[in-house]
Visitor: 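I have a structure here, written as structure tokens, and I will follow up with some questions on it.
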Amino acid sequence: MMTRGLMLGAALAMAACTTGGGGRSFDDPAVQKLFTMATPEYYANISLANKISQSCSRYRYDAALDSQMNEARNEVGRGSLSAISQRRGIELETDVSQRSFSVKHDVNLETDDLCAAGDAEVLEGSALSAMLIPA
């Protein structure tokens with residue numbers, strides 16, 4: 001599972017090079033929430049944002065911001081370089097976050113349309129909403 005996640009992250013980073021700038025600036029409160037998170041929590045949130053963007057045509061995943069965020073987090077020791085040693089913590093936090101998200105929004109992440117859940121996260125200004133670009 002983690003290998004697939006790292007490959008997805010690499011693909012998104014490559015896509016960021018061709019898609020231009022991110023949708024939000026680092027001054028945005030949602031971006032700041034995401035930036036300051038511990039590594040496992042950060043990766044759990046970007047995983048949820050990816051799931052929303054894959055399930056809902058109203059949102060795109062902000063690959064450019066993901067790439068910029070990873071570079072900035074690497075500079076302070078909380079980016080992809082530190083994630084390698086925290087693989088088990090990331091997997092556990094991702095599982096817990098996905099279950100919590102499912103209960104919070106009464107959705108099945110694998111089968112349901114996640115547009116309403118994405119809308120609720122954007123309205124809340126949650127950290128994961130920083131990675132969602134309205135399409």
Side-chain angles (χ1 to χ4, degrees):
M1 176 171 163
M2 186 56 159
T3 304
R4 189 177 94 215
L6 290 174
M7 289 181 0
L8 176 61
L12 290 172
M14 287 174 42
C17 294
T18 62
T19 59
R24 296 189 181 194
S25 84
F26 269 58
D27 295 332
D28 185 294
V31 174
Q32 282 300 305
K33 287 179 199 174
L34 196 60
F35 179 74
T36 59
M37 287 180 169
T39 302
E41 188 179 8
Y42 169 77
Y43 280 96
N45 273 271
I46 63 171
S47 172
L48 283 168
N50 259 312
K51 285 191 178 287
I52 292 169
S53 68
Q54 291 170 0
S55 165
C56 176
S57 62
R58 288 200 306 258
Y59 294 105
R60 287 185 304 112
Y61 183 79
D62 194 339
L65 179 60
D66 183 14
S67 178
Q68 294 168 354
M69 181 83 68
N70 185 54
E71 286 180 32
R73 286 179 58 89
N74 273 333
E75 290 177 12
V76 294
R78 293 189 317 257
S80 59
L81 299 176
S82 69
I84 295 167
S85 65
Q86 298 183 44
R87 184 184 78 222
R88 288 188 182 175
I90 291 169
E91 289 173 355
L92 178 62
E93 182 64 36
T94 299
D95 184 52
V96 169
S97 292
Q98 287 179 352
R99 290 172 189 246
S100 178
F101 184 89
S102 292
V103 170
K104 177 181 178 182
H105 296 289
D106 192 26
V107 294
N108 180 318
L109 290 171
E110 303 305 319
T111 60
D112 291 348
D113 178 333
L114 301 178
C115 287
D119 293 344
E121 292 292 325
V122 169
L123 286 173
E124 181 183 318
S126 69
L128 78 85
S129 73
M131 302 308 292
L132 299 175
I133 300 172

Visitor: Nearest 0.5 Å, please: how far is CD1 in Ile52 from CG in Asp113?
Guide: 10.5 Å

Visitor: Hey, quick one: are Ile133 and Leu48 part of the same hydrophobic cluster, counting side-chain heavy atoms closer than 4.5 Å, chains of contacts allowed?
Guide: no

Visitor: Go through the steps to decide whether Arg58 and Asp119 satisfy the test side-chain contact (heavy atoms from CB on, under 4.5 Å), and finish with yes or no.
Guide: CA-CA 9 Å; Arg58 288 200 306 258; Asp119 293 344; 2.4 Å; yes

Visitor: If hydrophobic clusters are built from ILVMFWY residues whose side chains come within less than 4.5 Å, do Leu109 and Leu132 share one?
Guide: yes

Visitor: Shortest non-hydrogen contact from Ala83 to Tyr43?
Guide: CB-CE1, 3.6 Å

Visitor: Does Asn70 reach the main-chain N or O of Ser80 with its side chain, forming a donor-acceptor pair under 3.5 Å?
Guide: yes

Visitor: Please step through side-chain contact (heavy atoms from CB on, under 4.5 Å) for the pair Thr39 and Arg73, ending with a clear verdict.
Guide: CA-CA 9 Å; Thr39 302; Arg73 286 179 58 89; 3.7 Å; yes

Visitor: Which atom pair, heavy atoms only, marks the closest approach of Gln98 to Ser47?
Guide: NE2-OG, 3.4 Å

Visitor: Is there a path from Val76 to Val31 through hydrophobic residues (I, L, V, M, F, W, Y) whose side chains come within less than 4.5 Å of each other?
Guide: yes

Visitor: Are Leu128 and Met131 in one and the same hydrophobic cluster, where Ile, Leu, Val, Met, Phe, Trp and Tyr link if side-chain heavy atoms are under 4.5 Å apart?
Guide: no

Visitor: Under 3.5 Å, side chain of Ser100 to main-chain N/O of Val96, donor-acceptor pair present?
Guide: no

Visitor: Which heavy atom of Phe26 sits nearest a heavy atom of Ala72, and at what distance?
Guide: CE2-CB, 3.7 Å

Visitor: Quick check against the 3.5 Å criterion: does Asp66 have a side-chain atom that pairs as donor or acceptor with the backbone of Asp62?
Guide: no

Visitor: Considering non-hydrogen atoms only, spot the tightest contact between Ser82 and Ser85 and give its length.
Guide: O-OG, 3.1 Å

Visitor: Taking Lys51's backbone N and O only, do any of them form a donor-acceptor pair with Ser55's side chain (distance below 3.5 Å, no angle check)?
Guide: no

Visitor: I need the minimum non-hydrogen distance between Ala44 and Ser97, along with the two atoms involved.
Guide: CB-OG, 3.5 Å

Visitor: Could you go through Glu91 and Thr94, starting from their C-alpha distance and side-chain angles, then the distance that decides it, and tell me whether this counts as side-chain contact (heavy atoms from CB on, under 4.5 Å)?
Guide: CA-CA 5 Å; Glu91 289 173 355; Thr94 299; 5.8 Å; no

Visitor: Between the side chain of Ser67 and the main-chain N/O of Ala63, is any donor-acceptor distance below 3.5 Å?
Guide: no

Visitor: Are Ile46 and Ile90 connected in the hydrophobic side-chain network, where two residues link if heavy atoms are under 4.5 Å apart?
Guide: yes

Visitor: Rounded to the nearest 0.5 Å, what's the gap from CD on Glu93 to CD on Gln86? Could you check?
Guide: 11.0 Å

Visitor: Roughly how far, to the nearest 0.5 Å, is NZ of Lys33 from OG of Ser129?
Guide: 7.0 Å

Visitor: Does NZ or CZ of Arg78 lie under 6.0 Å from the centre of the six-membered ring of Tyr42, at an angle within 45° of the ring axis?
Guide: no

Visitor: Ignoring hydrogens and angles, tell me if any N or O in the side chain of Asn74 forms a donor-acceptor pair with the backbone of Leu81 under 3.5 Å.
Guide: yes

Visitor: Can you give me the closest heavy-atom contact between Arg24 and Ala30, atom names plus distance?
Guide: NH1-CB, 3.2 Å

Visitor: Mark yes when over 12 heavy atoms from residues, nucleotides or ligands other than Asn108 sit less than 6.0 Å from its CG; otherwise mark no.
Guide: yes

Visitor: Quick one: CG on Asn45 to CZ on Phe101, what's the gap to the nearest 0.5 Å?
Guide: 9.5 Å

